[in-house]
Every structure is written in C-alpha cells, then in structure tokens.
Amino acid sequence: MKKTPIALALLLSAAAPSTFAADNEFQNEASVRYSTNSEEVSDGVWNVAYRYYFEAVDQNNGPFALNGFLAQKSNLGANYLHYDIANFDVNALDIDGTFVFDSNWFVSAGYGRASVDNRDSNNYRAEVGYYFNSSSAVSAFYSDGDDNAVEQYGLAVRSFIALESTAGVDLSANWSHTDFDDTYNVGADWYVTNSWYVGANYFDTGSSDYSISTGYWWQFSDTFSATFDASRLIDSDVDGVNLSASIVGRF
C-alpha cells in the first residue's frame with residue numbers, strides 16, 4: 001500500500017529516542033514539508049519555509065516544535081507552497097514578520113500572493129497581541145485581499161502549561177468572523193516528551209467536527225531534525241488519515 005512508508009516511519013521514529021540533546025541555540029530555521037492523505041499519497045502539497053529570529057532561540061525551552069512560540073522573539077519568515085492535483089496547479093508565496101516590544105506587546109503583518117491556474121490573487125494580514133506570561137499569548141487579527149477575497153477578523157489565545165511528569169500541554173482557541181459565518185476552534189496537544197505529542201481538536205464552521213492527531217520530532221543531529229505528523233477527522237465523510245513529514249534545519 002502507498003501509505004506504508006510514511007506510516008512505518010512515524011511508528012519507528014516514535015519508538016526511537018532522540019539521538020542528540022539539541023542543546024544549541026539557533027536564529028535560522030529552514031524546512032521542507034510534504035503533506036498528503038493516506039487515500040492518495042502522491043497527491044500532496046510541498047512547503048518550503050524559512051524563518052529568521054533577531055535573537056537566539058533556546059531549544060531547551062519546552063517541546064522542540066514550540067521553541068519559536070515560547071521564545072517570544074521578533075522574527076521574519078517566508079513560505080512557498082506548491083501542489084498540482086487533477087490538473088489544478090497552485091503556487092503561493094507568503095511573507096510575514098513579528099516585532100515584539102519590551103512591554104510584551106507584539107505586532108505582526110503578512111502578505112501572500114497565490115497563483116491558481118495562472119490567475120493571481122493577493123491577501124494581507126495584521127495581528128496585535130500580548131504575551132501575558134512566559135508561555136501564553138492573546139491576540140486580535142484581521143485579513144483581507146483583492147478580487148473575491150473574504151474579509152476576516154477574530155481573536156486567538158494560546159498557552160503552554162508545563163507539567164512535572166510530562167513536558168506539558170499546548171492549549172489554543174480562536175474565533176473568527178466573516179460575512180458568511182462565525183467559526184470556532186479549540187485544541188489541546190499533550191506533549192508526552194519534548195518530541196512526541198498527542199492531540200485533539202474541535203472546530204465549528206457551521207457544523208461541528210472533531211479530530212485527533214499525533215506527531216514526533218526526531219532530532220537526529222545537532223542541526224537537522226525530521227518531523228512526522230498524522231491526524232484523522234472523527235465521524236467525517238472525509239476518508240483516510242492526513243499525513244505530513246518534513247526535514248528541519250536549525251543553525
């Protein structure tokens with residue numbers, strides 16, 4: 001079956017301990033990710049991303065996947081996305097930046113340009129928020145664009161709670177509004193270790209849906225890591241399991 005290599009890699013990586021302690025700091029993070037569904041692994045999405053932090057980020061500060069959020073540092077990033085499914089060709093480039101003030105307030109802005117079968121569109125985003133402790137943030141956001149883009153605004157909150165026996169729990173919730181509807185999303189990821197999490201998510205986009213997920217961050221050198229994630233919608237008409245795998249470089 002086509003899904004066997006990715007599923008097997010996830011199981012093997014979750015069973016193996018991290019080879020390196022990842023005790024070095026970094027300011028640059030680059031990654032290549034492939035996301036797909038187990039029903040048709042070849043029809044997937046490629047992402048290439050890069051982010052620069054203006055101050056060093058400590059990889060010992062919480063789970064590896066949350067180091068950037070927990071650092072609360074100013075940063076700039078770019079992301080390129082590509083997929084070509086059933087003759088439907090999509091290319092998108094996204095750039096964003098966040099500036100964190102000494103008062104723990106932060107402002108973010110982003111610009112995206114997408115080309116769908118040679119038809120271009122642009123979108124813009126802005127966010128203002130506050131870090132109310134060393135592992136929590138609340139923010140308000142707004143997005144819009146040209147052509148038939150949907151204007152959207154909302155609120156978001158996120159908090160990581162460290163635990164004694166395990167790494168901790170990453171909690172998140174957001175509400176967004178458009179002219180069509182209000183949407184809600186609540187999620188919780190329990191980090192059993194700094195590498196492995198299991199999660200659950202509830203979202204309401206006019207109908208209620210639930211998903212479960214798991215993922216593993218395999219630090220196989222001082223600089224490079226591999227990540228594996230899997231998620232499944234519960235009681236949904238959508239078949240299969242959503243899968244993703246990536247290579248991450250930090251330096």
task: Please determine which of V169, T214, D170, L171 meets the side-chain contact (heavy atoms from CB on, under 4.5 Å) test together with W190.
output: V169
task: Taking the side chain as every heavy atom from C-beta outward, state whether Y153 and W175 have any pair of such atoms under 4.5 Å apart.
output: yes
message: Please determine whether a side-chain nitrogen of the Lys or Arg among D96 and R51 lies less than 4.0 Å from a carboxylate oxygen of the Asp or Glu.
response: yes
query: Taking side chain as C-beta onward, heavy atoms only, is L243 less than 4.5 Å from S38?
result: yes
S135 side chain vs F160 backbone, donor-acceptor pair below 3.5 Å: yes
task: Would you check if R250 and N67 make a side-chain contact, meaning some heavy-atom pair closer than 4.5 Å?
output: yes
- prompt: Counting only N and O atoms by type, is there a donor-acceptor contact under 3.5 Å from the side chain of S225 to the main-chain atoms of W217?
  reply: no
- prompt: Quick one: do the S136 and S159 side chains pair a donor with an acceptor below 3.5 Å?
  reply: yes
- prompt: Tell me, do V100 and E55 make a side-chain contact under 4.5 Å, heavy atoms counted?
  reply: no
query: Side chains of S176 and F141: closer than 4.5 Å at any heavy-atom pair?
result: yes
message: Measuring only between side-chain heavy atoms, which start at C-beta, is F251 closer than 4.5 Å to F26?
response: no
message: Counting C-beta onward and ignoring hydrogens, is there a side-chain heavy-atom pair between D181 and T205 closer than 4.5 Å?
response: no
task: Ignoring hydrogens and angles, tell me if any N or O in the side chain of N75 forms a donor-acceptor pair with the backbone of K73 under 3.5 Å.
output: yes
message: Donor-acceptor check, side chain of E29 to backbone of V248, threshold 3.5 angstrom: yes or no?
response: no
message: With a 4.5 Å cut-off on side-chain heavy-atom distances among I, L, V, M, F, W and Y, is there a chain of contacts connecting F132 to L70?
response: no
task: Check whether any side-chain heavy atom of L155 sits under 4.5 Å from a side-chain heavy atom of V138, and report yes or no.
output: no
task: Keeping the roles fixed (side chain from N122, backbone from Y111), state whether a donor-acceptor pair exists under 3.5 Å.
output: no
